[in-house]
Every structure is written in C-alpha cells, then in structure tokens.
Amino acid sequence: MRITLIESGKTRDPFIREGVELFRKRLVHYVPFKIETIPDLKNTRNLTMKEVQNQEAALWMKRIKSTDHLVLLDERGKEFDSIAFAEHLNALEGRVNHLIFVIGGPYGFSEEVYRKAQAKISLSRLTFSHQLVRLIFLEQLYRAYTILKGEPYHHA
C-alpha cells in the first residue's frame with residue numbers, strides 16, 4: 001500500500017515544516033509515502049466559502065483516481081486512539097493499493113469531496129489550524145507504523 005497526503009497551501013511556519021520533514025523521512029522507511037501540496041487559491045477575497053471549497057475540490061480531485069481510497073481529515077470524522085488507528089491501517093493493507101489522506105483548507109471540504117470519500121477521520125475534538133494538522137497527523141501516522149512493527153516509540 002502506498003500513502004499520499006494531500007494538503008492545501010504551503011506550510012508557512014518553519015517549526016511545522018521541520019517537523020513535517022522529520023516525520024516524512026521517518027515514514028518512508030515503513031511505507032511508500034509522499035506529500036502533495038495544492039497551491040493556495042488566488043483572489044479569493046470576493047468568493048463565498050462554497051466557491052472556495054469548490055475550487056479547492058477541483059484541484060484535489062485531479063489528483064485522486066477512482067481506485068484510490070480517499071480519507072478526509074475532518075472534525076466530524078471517526079476518532080481513533082493510536083493503537084486503533086494502527087490496527088485500522090493494518091486492516092487496509094492488502095485491500096487498498098493507494099491510500100490518500102486529504103487535509104482541507106481553512107473552509108473544509110465541498111459536498112463533492114465528502115461524497116467521494118470512503119472515510120473521515122478526526123484527530124481530536126479540539127480544532128487545530130490546517131497547518132498544524134499536518135504535523136500532528138504525520139506524527140500519528142509514524143506512531144501507527146512503529147506500533148505495527150512493535151517498536152518502542154509508542155509507550156502504552
């Protein structure tokens with residue numbers, strides 16, 4: 001199984017960029033993994049929230065094939081603890097060829113994206129900036145793989 005994380009806009013804060021790169025480098029030892037960044041939309045000041053969502057959706061959907069397993073990182077998604085998330089990933093292994101996680105922009109996802117997704121996952125009931133979600137999610141993805149390999153990163 002390969003995993004792709006699709007995110008909207010560049011990571012601006014240096015400490016987040018450094019953390020994302022740290023966990024990206026660690027993850028590639030466990031699974032074919034890449035990050036794709038959709039460029040920030042331009043001239044959105046006069047657009048409605050739905051118009052922004054639809055423009056972002058068009059950019060995301062160009063990168064997603066019908067055979068991909070699409071998972072949205074969404075505040076209304078299913079919550080896992082770290083061990084359950086690792087078990088969930090393990091259950092997808094062998095059934096899914098390409099697992100795609102998408103972090104939405106500041107306005108979230110359009111209805112079209114929700115309809116195309118096979119699942120939604122919430123990282124917490126707390127709200128995080130879409131920039132910070134990148135780092136938190138990658139750390140949890142790395143943690144899941146260390147759990148599956150029985151490595152000591154996760155102390156439970």
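Screening residues 25-53 for ring-ring contact (aromatic ring centres under 6.0 Å, His included), with sequence neighbours left out, gives Tyr30-Tyr142. Listed by first then second residue, pairs satisfying side chain to side chain donor-acceptor pair (under 3.5 Å) with a partner in residues 115-133 number zero, not counting sequence neighbours.
Annotation for Ser8 and Trp60: closest pair OG-CZ2, 3.1 Å, computed over non-hydrogen atoms. What you find for Ser110 and Asn54 is that their closest heavy atoms are CB-OD1, 3.4 Å. Of all heavy-atom pairs spanning Gln53 and Gly108, the tightest one is CG-O, 3.9 Å. Val113 approaches Ala57 most closely through the heavy-atom pair CG2-CB, 3.4 Å.
To the nearest 0.5 Å, the span separating CG on Leu123 from CD on Glu139 amounts to 10.5 Å. The OG1 atom of Thr146 sits 9.5 Å away from the CG atom of Leu27 when rounded to the nearest 0.5 Å. A distance of 8.0 Å separates CG of Asp13 from CZ of Arg17, quoted to the nearest 0.5 Å. Atoms CE and CG, from Met1 and Asn97 in turn, are 10.0 Å apart once rounded to the nearest 0.5 Å. For the atom pair Thr11 OG1 and Arg134 CZ, the distance stands at 4.0 Å (nearest 0.5 Å). A distance of 8.5 Å separates NZ in Lys78 from CD1 in Ile121, rounded to the nearest 0.5 Å.
The ring pair (Phe, Tyr, Trp, His ring centres under 6.0 Å) test applied to Phe137 returns Phe101, not counting sequence neighbours. Under the side-chain contact (heavy atoms from CB on, under 4.5 Å) criterion, Lys34 pairs with Thr4, Glu36, sequence neighbours left out. Not a single ring pair (Phe, Tyr, Trp, His ring centres under 6.0 Å) links His98 to another residue, sequence neighbours left out.
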Could you pull out all donor-acceptor pairs under 3.5 Å where a side-chain atom in residues 80-90 meets a protein atom, sequence neighbours excluded?
{"from": "Asp81", "atom 1": "OD1", "to": "Ile83", "atom 2": "N", "distance (Å)": "3.2"}
{"from": "Asp81", "atom 1": "OD1", "to": "Ala84", "atom 2": "N", "distance (Å)": "2.7"}
{"from": "Ser82", "atom 1": "OG", "to": "Gln140", "atom 2": "OE1", "distance (Å)": "2.7"}

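Looking at heavy atoms from C-beta onward, Ile147 lies out of side-chain contact with Tyr153 at the 4.5 angstrom threshold. At a threshold of 4.5 Å between non-hydrogen side-chain atoms, the residues Leu73 and Val102 do not count as touching. The shortest distance between side-chain heavy atoms of Arg2 and Val31 does not fall below 4.5 Å. Between His69 and Leu92, some side-chain heavy-atom pair lies under the 4.5 Å cut-off. The shortest side-chain heavy-atom distance between Leu99 and Val71 falls under the 4.5 Å cut-off.
Cluster membership for Val28 and Ile100, using ILVMFWY side-chain heavy atoms within less than 4.5 angstrom, is not shared. In the hydrophobic clustering of ILVMFWY residues, with side-chain heavy atoms under 4.5 Å counting as a link, Ile64 and Tyr114 come out together.
Annotation: Tyr107, atom OH; neighbour count of heavy atoms from other residues, nucleotides and ligands within 6.0 Å does not exceed 12.
Exactly one of Leu135, Ile136, Leu141 qualifies for a side-chain contact (heavy atoms from CB on, under 4.5 Å) with Phe23. That residue is Leu135. Each of Ile103, Leu70, Ile35, Ile38 was checked for a side-chain contact (heavy atoms from CB on, under 4.5 Å) with Ile6, and the lone residue meeting it is Ile38.
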